[in-house]
Asks: 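Quick one: structure below, then a few questions.
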Amino acid sequence: MPDHADVLIVGTGHGGAQIAIALRQKKFDGSITMVGRDTEPPYERPPLSKEYLAREKPFERILLRPVGFWAEKGVDLRLGEDVIGVDPAAHEVTLASGQTLSYGKLIWAAGGEPRRLTCSGAELAGVHAVRTKADVDALMAQLDAGARRAVAIGGGYIGLEAAAVLRKLGCEVILLEALPRVLARVAGERLSEYFQQMHRDHGVDLRLEARMDCLEGAGGAVKGVRMADDTLIECDIVIVGIGIVPETGPLAIAGAECGNGVNVDEFCRTSLPDIYAIGDCAAHANAFADGAVIRLESVQNANDMAMVVARHIVGDQLPYSATPWFWSNQYGVKLQTVGLSIGHDETVTRGESDSGSFSVIYLKDGKVIALDCVNAVRDYAQGRKLVEARSAPDRAKLADSEIPLKELI
């Protein structure tokens with residue numbers, strides 16, 4: 001007979017770990033097994049591109065729980081293992097090692113894999129993702145060996161955060177973004193302009209609408225990025241931050257409804273019996289996106305979905321309704337975002353960007369749908385209520401930083 005778990009969790013990231021923690025907090029006394037391809041016990045991912053890469057936090061300080069916690073709570077960790085098959089009828093999964101595990105409930109918290117370059121040279125040594133501890137350890141080893149000229153491909157949060165840390169470590173950094181501005185998919189022009197200037201002020205060679213052709217190497221290691229206009233940017237490090245591909249393969253093969261991720265309902269249930277999906281790979285109808293089916297790649301989303309599933313398993317049926325929020329640290333600047341600016345038709349800037357503390361407020365049909373707050377913690381905290389209430393405040397008052405946002409709800 002195969003090994004059995006009453007709750008089998010695939011993925012050892014934030015969402016998977018939170019499921020196990022929450023179940024035990026809710027006095028669930030069944031067996032819990034976590035299976036993950038990472039060889040390390042569950043740890044925080046956001047610090048990888050920030051404090052961990054900068055050597056400001058050792059690995060022990062980014063563990064989600066002390067190593068002994070999992071055994072103490074009766075959680076069986078199966079690390080360094082891939083789930084390659086799911087049999088929903090038999091309630092079984094198959095591991096890459098050939099072992100079979102049966103389950104009562106299966107939670108798919110597998111996240112995603114970094115999107116890889118498809119051009120020639122993509123597999124050269126010195127080309128790095130920033131997704132796991134192993135990824136960042138490989139990058140740090142190259143820095144320790146003397147590498148000092150880096151190209152970051154992608155002007156999203158990963159590329160920007162990595163560029164900021166590499167500059168702090170004394171590297172020469174060229175950042176390539178194919179679109180006309182950084183953060184184009186998640187923020188408005190004002191915020192993009194602010195971060196572009198900030199990176200340039202810190203010495204990053206930021207190139208927009210930059211079209212690359214391939215990577216070139218020597219001796220199996222990357223030596224440069226060949227651009228579409230045939231110019232060569234010499235480098236010894238390439239960091240690829242162009243998004244993730246949601247991990248859906250085994251569920252899709254098993255018959256789960258999938259699109260841009262694994263489709264789930266308001267309780268994070270997939271279309272397969274007794275199988276849930278949470279986190280980066282879970283596509284759900286989100287009220288803050290006017291009901292559109294989206295994926296949210298954030299720790300907040302993974303943790304909130306985990307709580308929904310943990311409650312559902314113990315019989316407490318509260319649907320997912322969390323307010324989305326995100327954050328980023330670059331050069332000591334703290335960006336906090338609440339809500340989703342998707343489809344906004346108006347922006348109001350509160351405060352002056354030159355002061356280093358300001359907020360961009362996004363509206364749709366006159367209602368506040370999101371805020372990007374730069375070193376403006378009070379705006380972030382109070383603006384959350386505006387987003388949740390879909391408030392339609394007076395624009396002049398909204399722009400007046402002397403008027404607390406809580407007075408406009």
Side-chain angles (χ1 to χ4, degrees), residues 12-14 36-63 80 111-119 121-177 182 199 202-207 210 212 214-225 233-245 280 297 299 328-331:
T12 56
H14 288 269
R37 66 181 57 166
D38 205 306
T39 57
E40 303 287 352
Y43 57 90
E44 297 180 67
R45 302 305 172 96
L48 291 176
S49 59
K50 307 178 188 72
E51 299 97 330
Y52 184 70
L53 176 57
R55 318 293 177 101
E56 295 168 355
K57 277 189 179 180
F59 180 64
E60 292 72 23
R61 287 185 58 199
I62 67 172
L63 286 170
E113 282 291 292
R115 191 177 299 277
R116 310 288 179 177
L117 296 175
T118 57
C119 62
E123 302 304 320
L124 290 167
V127 179
H128 303 274
V130 182
R131 184 73 176 175
T132 66
K133 175 181 181 290
D135 292 335
V136 180
D137 285 348
L139 173 57
M140 292 194 298
Q142 196 175 356
L143 293 171
D144 290 343
R148 283 296 178 270
R149 184 173 169 86
V151 172
I153 299 174
Y157 288 119
I158 290 295
L160 293 174
E161 289 170 359
V165 173
L166 289 174
R167 285 298 299 144
K168 186 175 183 178
L169 295 176
C171 294
E172 183 179 352
V173 179
I174 301 94
L175 194 150
L176 307 178
E177 170 53 57
V182 302
H199 277 269
H202 282 84
V204 174
D205 180 358
L206 174 58
R207 306 184 188 185
M212 61 167 291
C214 65
L215 304 182
E216 296 188 359
V222 69
K223 294 299 179 184
V225 179
I233 303 173
E234 295 183 354
C235 63
D236 37 31
I237 294 173
V238 172
I239 295 176
V240 181
I242 55 175
I244 69 166
V245 179
D280 292 357
E297 298 172 13
V299 171
S328 178
N329 282 339
Q330 299 169 41
Y331 306 111

Asks: Set out, in order, the CA-CA distance, both residues' side-chain angles and the distance that settles salt bridge (charged side-chain N to carboxylate O under 4.0 Å, His left out) for Lys50 and Glu44, then state yes or no.
Replies: CA-CA 11 Å; Lys50 307 178 188 72; Glu44 297 180 67; over 6 Å; no
Asks: For a 4.5 angstrom cut-off between non-hydrogen side-chain atoms, does Leu143 reach Cys171?
Replies: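 Yes. Closest side-chain heavy atoms under 4.5 Å.
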Asks: Would you check, one step at a time, whether the test side-chain contact (heavy atoms from CB on, under 4.5 Å) holds for Arg115 with Ile244?
Replies: CA-CA 5 Å; Arg115 191 177 299 277; Ile244 69 166; 5.9 Å; no
Asks: Could you tell me if the side chain of Val299 sits less than 4.5 Å from the side chain of Pro46, heavy atoms only?
Replies: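 Side-chain contact under 4.5 Å: yes.
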Asks: Taking Asp135's backbone N and O only, do any of them form a donor-acceptor pair with Arg131's side chain (distance below 3.5 Å, no angle check)?
Replies: no
Asks: Between Arg116 and Glu113, is a side-chain contact (heavy atoms from CB on, under 4.5 Å) present by the stated rule, with each step listed?
Replies: CA-CA 9 Å; Arg116 310 288 179 177; Glu113 282 291 292; 3.8 Å; yes
Asks: Do His128 side-chain atoms and Val238 backbone N/O form a donor-acceptor pair below 3.5 Å?
Replies: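 A pair under 3.5 Å: no.
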Asks: In Å and rounded to the nearest 0.5 Å, what is the CG to CG distance from Leu53 to Leu139?
Replies: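 Taking CG in Leu53 and CG in Leu139, the distance rounds to 5.5 Å.
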Asks: Could you check if a side-chain atom of Ile153 sits within less than 4.5 angstrom of a side-chain atom of Ile239, using non-hydrogen atoms only?
Replies: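 Side-chain contact under 4.5 Å: no.
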Asks: Which atom pair, heavy atoms only, marks the closest approach of Val222 to Ile237?
Replies: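 Closest pair (atom of Val222, atom of Ile237, distance): CG1-N, 4.4 Å.
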Asks: Are Phe59 and Leu48 close enough, and set up right, to give a side-chain contact (heavy atoms from CB on, under 4.5 Å), and what steps lead you there?
Replies: CA-CA 9 Å; Phe59 180 64; Leu48 291 176; 6.0 Å; no
Asks: side-chain contact (heavy atoms from CB on, under 4.5 Å) between Val151 and Met212: does it pass, once the steps are laid out?
Replies: CA-CA 11 Å; Val151 172; Met212 61 167 291; over 6 Å; no
Asks: Are Glu216 and Lys223 close enough, and set up right, to give a salt bridge (charged side-chain N to carboxylate O under 4.0 Å, His left out), and what steps lead you there?
Replies: CA-CA 6 Å; Glu216 296 188 359; Lys223 294 299 179 184; over 6 Å; no
Asks: If you measure from CD on Glu51 to CD on Glu56, what distance do you get to the nearest 0.5 Å?
Replies: 6.5 Å
Asks: Exactly one of Val204, Leu206, Leu175 should register a side chain to side chain contact (heavy atoms under 4.5 Å, CB included) with Leu160. Which one does?
Replies: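 Filter result, single survivor: Leu175.
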Asks: Within this structure, what is the CD-CD1 distance for the pair Glu177 and Ile242, rounded to the nearest 0.5 Å?
Replies: 10.5 Å
Asks: Would you please name every residue forming a side chain to side chain contact (heavy atoms under 4.5 Å, CB included) with Arg149, sequence neighbours left out?
Replies: Glu172, Ile174, Ile233, Glu234, Cys235, Asp236
Asks: Tell me whether Lys168 contacts the main-chain N or O of Ala164 through its side chain, where contact means a donor paired with an acceptor under 3.5 Å.
Replies: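 Answer holds: no.
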Asks: To the nearest 0.5 Å, tell me how far Glu40 CD sits from Leu63 CG.
Replies: 8.0 Å
Asks: Taking all atoms of both residues into account, what is the closest heavy-atom pair of Gly155 and Val182, and its distance?
Replies: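 For Gly155 and Val182, the tightest heavy-atom pair comes out as O-CB, 3.4 Å.
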Asks: If you look at every heavy atom in Ala122 and Leu117, which pair is closest and at what distance?
Replies: CB-O, 3.4 Å
Asks: Between atom CG of Leu166 and atom CZ of Arg148, what is the distance when rounded to the nearest 0.5 Å?
Replies: 9.0 Å
Asks: Has Lys133 got its NZ or CZ under 6.0 Å from the middle of the six-membered ring of Tyr43, at an angle within 45 degrees of the ring axis?
Replies: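 No, Lys133 does not sit over the ring of Tyr43.
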Asks: Kindly give the heavy-atom pair with the smallest separation between Glu161 and Gln330, and that separation in Å.
Replies: CG-CG, 4.0 Å
Asks: To the nearest 0.5 Å, how far apart are CE in Met140 and CZ in Arg55?
Replies: 5.0 Å
Asks: If the plane angle is over 60° it's perpendicular, under 30° parallel, otherwise tilted; pick one for Tyr331 and His202.
Replies: parallel
Asks: Considering all heavy atoms of both residues, which atom of Ser49 and which atom of Ile158 are nearest to each other, and what is their separation?
Replies: OG-CD1, 4.2 Å
Asks: Using every non-hydrogen atom in the two residues, find where Val173 and Ala163 come nearest and quote the distance to one decimal.
Replies: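 That would be CG1-CB, 3.9 Å.
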